[in-house]
Amino acid sequence: MSYINIKKILSAATFAATAFGLSFSAANAESDEKLLSTIKDRGTILIGLEATYPPFNYQDENGELVGFEVDVAKAVAERIGVNAEFVPTKWDGMLAGLETKRFDIVTNQVTITEERQKKYDFTQPYTVSGIQVITREDKQSDFNTPADLSGKTVGVGLGSNYEEWLNQNVPEANVSTYDDNATKLQDLLVGRLDAFLNDRLAATYLLENSGGRIVAAGEPFDKQRMGIALRKNNADLLDALNKALDELRADGTLAKISQKWFKLDATK
């Protein structure tokens with residue numbers, strides 16, 4: 001299935017808003033002091049993700065939520081002894097939703113940064129990646145290094161690590177922010193953007209389904225590590241999540257899931 005098909009991408013966004021009509025009153029009412037116990041008593045762990053971000057988390061042609069992070073989250077939940085319950089949320093509201101206890105954790109390629117670590121706790125990384133410039137085939141030679149983004153109109157996710165990176169490292173770039181991938185991709189194809197930034201692993205998926213209309217330009221840069229994000233002062237839950245990841249890494253499950261979605265081990 002091609003995700004360059006804008007209609008299909010937009011239908012995935014609709015899915016995120018409608019297909020999971022969940023009630024989160026229990027999560028909002030609970031105290032964080034014994035969150036792991038609350039999760040075990042509930043029998044489910046509430047997990048924030050976009051559900052429109054292939055191949056990490058998205059709706060397939062059968063309407064099922066699938067992807068690398070869906071598989072990782074289910075495996076982690078199983079090790080803790082509960083079921084995974086997914087809460088689709090737009091990225092620009094993801095961490096705010098974590099703060100307001102709409103969900104217990106976030107598995108949505110959240111880059112571990114010093115700034116974010118001041119507000120949230122993170123598990124050990126379960127993905128190691130980098131930033132990739134994506135552009136149209138006719139502009140591929142225009143972008144050989146990150147410095148070539150200067151003076152160009154570059155698309156990024158609103159509130160994303162890519163937006164922060166551009167503002168800090170290429171302030172001369174004309175930054176356009178988006179709250180969904182479909183519009184960003186459409187604007188690139190019609191020429192409103194010169195390029196956009198994405199995770200190198202997501203870029204591989206997009207390129208394979210683009211029919212040659214978009215390409216990766218230059219090598220990935222700014223190595224990034226992504227972990228499960230959770231609210232601070234939840235040491236028991238953090239320890240349980242890290243223990244689960246340790247076990248999944250040791251028995252090869254993490255590597256197997258990565259190979260399934262990326263044909264390489266992106267977990268180390």
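Position 1 is the first residue of the sequence, and the numbers go up from there. The model shown is predicted, which means the values in this text are computed figures rather than measured ones.
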Side chain proximity check, E78 to K74, heavy atoms < 4.5 angstrom: no

Heavy-atom side-chain proximity of Y126 to V76 below 4.5 angstrom: no

Side chains of F56 and E50 in contact at under 4.5 Å (non-hydrogen atoms): no

Pair K118 + E114, salt bridge at N-O below 4.0 Å: no

Side chain proximity check, M94 to D92, heavy atoms < 4.5 angstrom: no

Within-4.5 Å side-chain heavy-atom neighbours: F68 and T267: yes

Shortest non-hydrogen separation from L36 to D236 and the atoms involved: CD2-O, 3.6 Å

E247 atom CD, neighbour heavy-atom count above 12 within 6.0 Å: yes

Nearest heavy-atom neighbours spanning Y58 and G67: CE2-CA, 4.2 Å

Partners passing salt bridge (charged side-chain N to carboxylate O under 4.0 Å, His left out) against E137 (at least two apart in sequence or in another chain): none

Close side-chain approach of N234 and L238, heavy atoms under 4.5 Å: no

Side chains of N242 and I228 in contact at under 4.5 Å (non-hydrogen atoms): no

From Q259 atom CD to L254 atom CG, the distance as rounded to the nearest 0.5 Å: 12.0 Å

Short N-O contact, D138 and R136, less than 4.0 angstrom: yes

Heavy-atom pair of closest approach, residues A216 and I134: CA-CD1, 4.3 Å

F221/T145 under side-chain contact (heavy atoms from CB on, under 4.5 Å): CA gap, chis, key distance, verdict: CA-CA 9 Å; F221 55 93; T145 69; over 6 Å; no

Gap between atom CG of L241 and atom CD1 of I105 - 0.5 Å precision: 5.5 Å

Nearest atoms (heavy-atom pairs only) where A73 meets T107: CB-OG1, 4.1 Å

Electrostatic pair D251-R79, nearest N-O below 4.0 angstrom: yes

E99, R231, K232 screened by side-chain hydrogen bond (donor to acceptor under 3.5 Å, both in side chains) with Y120, the one that passes: E99

Shortest non-hydrogen contact from V82 toward G43: CB-O, 3.5 Å

Audit row: W91, D179, side-chain contact (heavy atoms from CB on, under 4.5 Å) steps and yes/no: CA-CA 7 Å; W91 169 251; D179 61 7; over 6 Å; no

Donor + acceptor pair across side chains of D199, Q224 (<3.5 Å): no

Check against side-chain contact (heavy atoms from CB on, under 4.5 Å), N161 and R116: CA-CA 10 Å; N161 192 60; R116 285 176 180 160; 4.1 Å; yes

From CA spacing to verdict: side-chain contact (heavy atoms from CB on, under 4.5 Å), V128, R225: CA-CA 5 Å; V128 179; R225 294 172 175 82; 4.2 Å; yes

Test item: W165 and V156 side chains (from C-beta on) under 4.5 Å apart, heavy atoms: no

Smallest separation among heavy atoms of F122 and A229, with atom names: CE2-CB, 3.8 Å

Lys/Arg N to Asp/Glu carboxylate O, R42 vs D104, below 4.0 Å: yes

From L188 atom CG to L193 atom CG, the distance as rounded to the nearest 0.5 Å: 6.0 Å

OG1-CG distance between T135 and D142, expressed to the nearest 0.5 angstrom: 7.0 Å

Inter-residue atom distance I131.CD1 - R200.CZ, 0.5 Å rounding: 12.0 Å

Between OG1 on residue T123 and CG on residue L230, distance to nearest 0.5 Å: 8.0 Å

